[in-house]
Amino acid sequence: MKLATAAQMRELDRRAIEERRIPSIDLMERAAAEVAQAALDLLPDRPGKCRAAAFCGAGNNGGDGIGAARLLFLMGLKVRVFLVGDYDRLTPDAMEETGRLSECGVELEAFDPEDKSQAAWARSCHVIIDAVFGVGLSRDIAPGSRFAAAVDLINQCRGTVVAADIASGVEADTGRVLGRAVRADRTVTFSLEKIGQAVGDGALLSGKVTVHDIGIPAALVRQVPCPVQTVEADFAAAALPPRKKDGHKGDFGKVLVAGGAVGYTGAPYLTASAAVRSGCGLVYLGVPESIWEIETVRCVSAMPFPLADRRGGLSHRALPELLERLEGCDVLALGPGLWRRESTRRLVLEVLRQTEKPVVLDADGINALEGHIDILDRRRGRVTILTPHDGEFARAGGDLSRGDRVGAARAFAREHGCVLVLKGHRTVTAGPEGNVLVNTTGNSGLAKGGSGDALTGLIASLLAQGASPVMAAAGGAWIHGRAGDIAAEALTEYCVTPEDVIAAFPRVFSELREKRT
C-alpha cells in the first residue's frame with residue numbers, strides 16, 4: 001500500500017479542485033460522511049441512546065469534524081461540537097460546515113479548558129471525534145495551550161476515539177509525536193495512508209487505520225509517486241523464489257554463516273537454522289574452534305566447521321579459510337554472535353573488502369563498521385544488506401535524532417549504496433535507489449535475543465535462492481513477523497522464542513504459496 005506525505009496530499013487536493021473542478025466542500029462532505037459512518041459503526045447501542053463530542057480545529061480538518069458531528073446529530077445522537085481555535089480563523093469550507101450545523105440547531109462552542117460542563121460531557125460520550133489538527137501539523141503543540149488541553153481531555157475520555165484523517169499531534173511524514181498526541185481507536189484517513197500512520201509512535205496511536213475514497217479521481221491518486229510503501233502478503237509471496245520440480249540441493253542456494261563466540265553459541269545456530277528451514281539447499285556454519293563441538297552437536301541439517309580462534313572468538317587468521325569456503329557459496333551471513341574484539345573486527349572489515357559475494361551483515365558485523373564506514377562505501381555495486389537495530393544503526397553512522405526512521409533509513413541506504421533493514425516496531429527496509437518498504441507484521445514476542453539472528457538467516461536464504469536484495473530483505477521481514485504472529489497466537493507474546501518463530505515458517509510459506517497459485 002502506498003504511503004503519502006503531507007505535501008503529496010495537499011497537491012492531490014489541489015489537483016482535484018483546480019484541474020478536475022471538484023468543489024472543495026464536496027470533498028469535505030464526503031470526508032465527514034466517512035468519519036460519521038465509522039463513529040456510527042463503533043457505537044455500543046442505538047444512536048438515540050448515545051452521545052458524541054467533536055473537537056475541531058479551525059482548518060479543513062476541523063471542517064471534516066464539524067460536518068461529521070452534524071451527520072451524527074441527524075442520525076439521532078446527542079452531539080456537542082467544540083472549536084479548539086479561533087472562530088475568525090475558520091477556513092471558508094469549515095465556516096460553511098459551521099453554518100450547516102447551526103441550521104440543524106447545534107451551535108459550535110468555543111472550547112474552554114476551564115469549563116467543567118464541557119469536560120463532563122466529553123467524558124460521558126460514547127464516541128469522540130478528533131479533528132483538531134490534520135496532516136499539516138509540523139510543530140509541537142504548545143504546553144498549556146487550548147490545543148494541548150483538548151488533546152489531554154480526549155485521551156482521558158472512555159468513549160471510542162475516531163480521528164479524522166490523522167490523530168492530532170502525530171506528524172504525518174514521520175510518525176513523531178509533536179509534543180503530545182491523541183490516542184485514537186480508529187483513524188479514518190482519506191485517499192492514501194500517511195507515512196506517519198505506519199511507522200513510529202504514529203503507528204501505535206492511530207488505532208485501526210482505514211483508507212476512504214472522498215471523491216478524488218482514482219487516476220489522480222494512482223499518479224501520486226510514493227517511494228514509501230507498506231509490505232503486504234502479496235509482496236512477500238512474490239519474494240519467494242520458484243522451486244524447480246527436478247531441482248537438487250545445489251539449485252536452491254548455498255549460504256555460509258560466520259559468527260559465534262564463547263557464550264554466544266545460540267546466535268549462529270539460529271541463523272543457520274532459519275536458513276535451512278526457509279528453503280536454502282546447503283547451509284554451512286563457520287564458528288570459532290572453541291565452540292565448534294557445541295555447534296556440531298546441535299546442527300543436523302547445517303554443516304559446522306571450525307575457524308581460527310582467538311580467546312573464544314573468531315580470529316583475523318580465519319580470513320583465508322573463510323574466503324576459500326565462501327567461494328563455493330552464494331551468500332555470506334556475517335555477524336551473529338561475534339564479539340566486538342579487535343581481531344574479529346579486522347576479520348569482518350577484510351572480508352567486506354575482499355569478497356565480491358553478497359553479504360548479509362548483522363549484529364557485531366555491523367558494529368565493526370563504526371569508524372570504518374568507508375569499507376561499506378567501497379562495496380557499492382556489490383550486494384550488502386545490513387540488519388541493524390537502532391543502536392547498531394547509530395554506531396554505523398545512522399541518524400535517528402529527528403525521530404524519522406523512514407528518512408534516516410532512506411538517507412543511509414542511498415548514501416552508502418546498500419540495502420538497510422532497520423529493525424524494530426514496523427521494521428523499515430530501504431534500498432539504494434531511495435525506495436522504502438514498511439513491514440506490517442510482528443509483535444512484542446519478537447523482542448527477544450535471537451530473533452534478529454533468525455531474520456538474518458531467512459534473508460540470506462531468500463537471497464541465495466534468487467530473490468532480489470530488496471525483495472529478500474523486505475519479504476523476509478514480513479515472513480519473520482508473520483511467523484512471530486502465528487507463534488504468539490498459540491503461545492502468547494510472552495512465551496514466543498526464536499525457535500518458535502522458525503518453527504512457524506512452514507505455515508507462513510504455505511500461506512504465501514497459496515497466494516501464488
Side-chain angles (χ1 to χ4, degrees), residues 253-276 280 282-299 302-379 382-388 392 395-396 418 450 452-453 456-457 460 463-464:
K254 301 174 185 177
V255 167
L256 171 56
V257 178
V262 170
Y264 296 90
T265 60
Y269 167 74
L270 288 168
T271 301
S273 298
V276 169
C280 189
L282 291 166
V283 179
Y284 301 93
L285 177 56
V287 296
E289 187 174 7
S290 56
I291 67 169
W292 172 66
E293 290 186 0
I294 296 172
E295 303 295 1
T296 300
V297 171
R298 279 179 167 168
C299 292
M303 293 165 282
F305 62 91
L307 289 169
D309 187 313
R310 179 175 174 80
R311 298 178 182 176
L314 283 177
S315 166
H316 180 256
R317 293 182 293 107
L319 180 65
E321 183 173 359
L322 185 57
L323 291 175
E324 182 180 351
R325 294 265 190 170
L326 186 54
E327 280 302 308
C329 294
D330 301 300
V331 175
L332 171 64
L334 178 60
L338 286 179
W339 276 347
R340 296 178 67 182
R341 290 186 174 178
E342 179 60 23
S343 186
T344 304
R345 183 187 63 80
R346 289 174 57 201
L347 173 66
V348 170
L349 296 178
E350 202 57 44
V351 168
L352 292 174
R353 283 192 187 99
Q354 295 193 31
T355 186
E356 297 290 327
K357 299 282 185 171
V359 177
V360 182
L361 198 63
D362 185 31
D364 284 329
I366 299 170
N367 289 329
L369 293 173
E370 186 174 6
H372 300 277
I373 198 66
D374 59 300
I375 301 298
L376 180 60
D377 294 336
R378 292 175 194 173
R379 285 187 58 83
R382 292 177 274 176
V383 175
T384 313
I385 301 175
L386 277 66
T387 62
E392 293 159 349
R395 285 189 284 275
C418 64
D453 303 311
T456 296
L463 187 61

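Basis for what follows: all heavy atoms, side chains included, without hydrogens, waters or symmetry-related copies. Quick note: residue numbers are just sequence positions, from 1.
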Could you tell me whether a side-chain N or O of K357 sits under 3.5 Å from a main-chain N or O of C329, the two making a donor and an acceptor? yes

Restricting to non-hydrogen atoms, name the atom on S290 and the atom on G312 that form the minimum distance, rounded to 0.1 Å. OG-CA, 3.5 Å

Checking side-chain contact (heavy atoms from CB on, under 4.5 Å) for the pair T271/D362: CA distance, chi angles, key distance, verdict? CA-CA 10 Å; T271 301; D362 185 31; 5.6 Å; no

Distance-minimising heavy-atom pair for P304 and A302: CD-O, 3.4 Å

Test side-chain contact (heavy atoms from CB on, under 4.5 Å) applied to D374 and R378, step by step: CA-CA 6 Å; D374 59 300; R378 292 175 194 173; 3.1 Å; yes

Hey, are the side chains of I294 and V287 touching, using non-hydrogen atoms and a 4.5 Å cut-off? no

Any side-chain heavy atom of N367 within less than 4.5 Å of one from R395? yes

Over all atoms of both residues, closest heavy-atom pair of R379 and L352: NH1-O, 3.2 Å

Minimum-distance pair of heavy atoms, taken over all atoms of G313 and P288: C-CG, 3.7 Å

Closest non-hydrogen atoms of P268 and L285, given as atom of the first, atom of the second and distance, are CB-CD1, 3.6 Å

CG of L322 to OG of S315: how many Å apart, nearest 0.5 Å? 11.5 Å

Distance check, rounded to the nearest 0.5 Å: T456 atom OG1 versus L270 atom CG? 10.5 Å

Would you say that Y269 contacts I291 through its side chain, given a criterion of any heavy-atom pair below 4.5 Å between the two side chains? no

OG1/T355 to CG/L323 distance, rounded to the nearest 0.5 angstrom? 6.5 Å

To the closest 0.5 Å, what do you measure between CG (L307) and CD (E321)? 5.5 Å

Centre of F305's six-membered ring, under 6.0 Å away, within 45 degrees of the axis: is that where NZ or CZ of R325 sits? yes

Give me the atom names and distance for the closest heavy-atom approach of T265 to E295. O-OE2, 2.6 Å

Quick one: pull up CG in D364 and CG in L369 and give me the separation to the nearest 0.5 Å. 11.0 Å

Exercise answer: donor-acceptor pairs, residues 340-350 side-chain atoms, under 3.5 Å, sequence neighbours excluded:
{"unit_1": "R340", "atom_1": "NH2", "unit_2": "E370", "atom_2": "OE1", "d": "3.2"}
{"unit_1": "R341", "atom_1": "NH1", "unit_2": "R311", "atom_2": "O", "d": "2.9"}
{"unit_1": "E342", "atom_1": "OE1", "unit_2": "R345", "atom_2": "NE", "d": "3.0"}
{"unit_1": "E342", "atom_1": "OE1", "unit_2": "R345", "atom_2": "NH2", "d": "2.9"}
{"unit_1": "E342", "atom_1": "OE2", "unit_2": "R345", "atom_2": "NH2", "d": "2.3"}
{"unit_1": "S343", "atom_1": "OG", "unit_2": "H316", "atom_2": "N", "d": "2.8"}
{"unit_1": "T344", "atom_1": "OG1", "unit_2": "L314", "atom_2": "O", "d": "2.7"}
{"unit_1": "R345", "atom_1": "NH1", "unit_2": "H372", "atom_2": "NE2", "d": "2.9"}
{"unit_1": "R346", "atom_1": "NH2", "unit_2": "H316", "atom_2": "ND1", "d": "3.4"}
{"unit_1": "E350", "atom_1": "OE1", "unit_2": "R353", "atom_2": "NH1", "d": "2.9"}
{"unit_1": "E350", "atom_1": "OE2", "unit_2": "Q354", "atom_2": "NE2", "d": "2.9"}

Are L361 and L376 close enough that some pair of their side-chain heavy atoms sits under 4.5 Å apart? no

Any side-chain heavy atom of V360 within less than 4.5 Å of one from V255? no

